[in-house]
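Input: a single structure, listed below in structure tokens.
What you are looking at is a predicted structure, and each value in this text was computed from that prediction instead of being measured.
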Amino acid sequence: MGVNWLGKQGLDRLGRLDKLSRLSRLSGHNSEVSQLESGYFEGRDMSFVARVSSVVDTAFATTLGNGREVVRTVEHLLAVLSALSIDNVDIAVEGSEIPILDGSAKEIAELVLDAGIKKQRKKMPFIKILSPVKLEDKHSSVAIYPYEGRKITFRLFFNDHFLGEQYLSIDLNADTFIEDIAPARTFGFLKDVEYIRANGLAKGGSLDNAVIFTEDSIVNESGLRFDDECVRHKILDSIGDFSLFGFPIEGHIVADKSGHTTNVKFLKKLMTCPECWEIVAEEVESSRYPVLSYSYI
């Protein structure tokens, strides 16, 4: 899987990993050992790129594919790359899923930071929202509004459940992501886990890589990392999904009970509204005509 865009306002140089990184751990949905190897490989042919056009499934996770190969559960990795402004990276995956680890993006972020990030010479282009765009999708919605920076507001509501409503609004940058979003784990409900397993999924899932709730309690003895861990994890997923637009998005995203499917639908709608946004990028001075200077695989 080749990845190309990802970034945040404030770090305006394209970034790549400074050295090869490797990660291997049991996957969540398929109970197979997946290995992820990342770095920057010039001239290497890639199967497909991390773009919304490569999305082939959004059930339980975001899956990318090219008609021959698929990679599942890409959202946590993409969220880390987006928040840390890493643009030029190839990812080799052995197996069909990104390792689930502890259900959060914390370990992936630590791995990337340990590998190091090099800024490159080109300025990073980004999408600047000029006017609002909104998508209503049954009981969920996503909207984006003009904003100087990157901000996400998310609301969850669990009907007739002790979790009730969770709401969080956060300005996204590397620090807020590492501290407030990356550690939030995947969550689910015991009744749903039993159904998923009955259908042959989540064979590698356990209390070590997800927070599980019953109707009135938390199954995990370790409890929660945040009182509102669920909404923080939904923001984590959304950051990864929205990175599939292809450029960092400067704007305020407001999501209400949105999931992978609605996120992807929203990206497709945003792409059909070019009058609502513009690409901000440097021009190449040596060119006779204005040329957008960005890396596009």
Side-chain angles (χ1 to χ4, degrees), residues 1-8 11 14-17 20-23 27-29 34-101 105 108-109 111-112 115 117 120 122 124-127 150 152 172 177 181-182 235-249 253 259-268 270-271 279 294-297:
M1 178 178 65
V3 179
N4 169 46
W5 93 229
L6 314 176
K8 71 177 184 66
L11 284 180
L14 296 176
R16 67 174 174 85
L17 291 186
L20 186 68
S21 301
R22 191 184 304 265
L23 185 62
S27 293
H29 292 301
S34 290
Q35 179 167 290
L36 179 154
E37 188 174 287
S38 63
Y40 184 70
F41 308 103
E42 291 191 21
R44 178 172 178 171
D45 292 331
M46 292 176 291
S47 296
F48 48 88
V49 295
R51 294 287 186 275
V52 68
S53 58
S54 297
V55 176
V56 296
D57 192 14
T58 52
F60 305 110
T62 299
T63 299
L64 304 181
N66 61 0
R68 301 182 305 278
E69 304 288 342
V70 299
V71 178
R72 300 179 179 88
T73 321
V74 299
E75 58 271 15
H76 299 173
L77 173 59
L78 291 179
V80 170
L81 297 177
S82 175
L84 298 182
S85 300
I86 296 175
D87 180 270
N88 290 333
V89 60
D90 291 349
I91 301 169
V93 181
E94 293 182 11
S96 60
E97 186 177 14
I98 301 300
I100 194 66
L101 304 175
I108 298 175
L111 178 76
V112 170
I117 304 169
Q120 298 183 279
K122 292 182 180 179
M124 179 179 291
F126 60 93
I127 296 297
R150 297 175 67 187
I152 297 183
L172 180 63
F177 177 81
I181 301 301
I235 290 176
L236 169 62
D237 284 347
S238 297
I239 293 169
D241 287 342
F242 293 137
S243 76
L244 294 169
F245 189 86
F247 295 98
I249 301 174
I253 295 171
H260 300 296
T261 300
T262 301
N263 290 344
V264 170
K265 287 181 180 179
F266 174 76
L267 287 181
K268 290 180 178 179
L270 184 60
M271 288 180 172
I279 298 177
Y294 60 89
S295 173
Y296 193 90
I297 299 176

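With hydrogens and angles ignored, the 3.5 Å screen pairs no side-chain donor or acceptor of S82 with any backbone N or O of G240.
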**OP:** Could you please spell out the steps behind the side chain to side chain contact (heavy atoms under 4.5 Å, CB included) verdict for I249 and L270?
**Re:** CA-CA 11 Å; I249 301 174; L270 184 60; 4.2 Å; yes
Original post:
Which is it for V52 and F245 under the side chain to side chain contact (heavy atoms under 4.5 Å, CB included) test, yes or no, and what are the steps along the way?
Top reply: CA-CA 6 Å; V52 68; F245 189 86; over 6 Å; no
Subject >> Verdict with reasoning, T63 to V74, per side chain to side chain contact (heavy atoms under 4.5 Å, CB included) >> reply: CA-CA 7 Å; T63 299; V74 299; over 6 Å; no
**OP:** Run the numbers on K268 and V264 for side chain to side chain contact (heavy atoms under 4.5 Å, CB included), then give the verdict.
**Re:** CA-CA 6 Å; K268 290 180 178 179; V264 170; 3.9 Å; yes
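Remark: F266 CZ to D241 CG distance equals 12.0 Å, nearest 0.5 Å. Going from atom CD of E75 over to atom CD1 of I98 covers 9.5 Å, rounded to the nearest 0.5 Å.
Residues forming a side-chain hydrogen bond (donor to acceptor under 3.5 Å, both in side chains) with T261 (at least two apart in sequence, or on another chain): T58. The side chain to side chain contact (heavy atoms under 4.5 Å, CB included) search around T262 returns L135, D137, S140, V142, S258, not counting sequence neighbours. Not counting sequence neighbours, the partners of I152 by the side chain to side chain contact (heavy atoms under 4.5 Å, CB included) test are I235, I239, I253.
The closest side-chain heavy-atom distance from D237 to H76 is below 4.5 Å. Contact check for T73 versus F60: no side-chain heavy atoms found under the 4.5 Å cut-off.
Annotation: ring pair (Phe, Tyr, Trp, His ring centres under 6.0 Å) contacts involving residues 77-98, sequence neighbours excluded, are absent.
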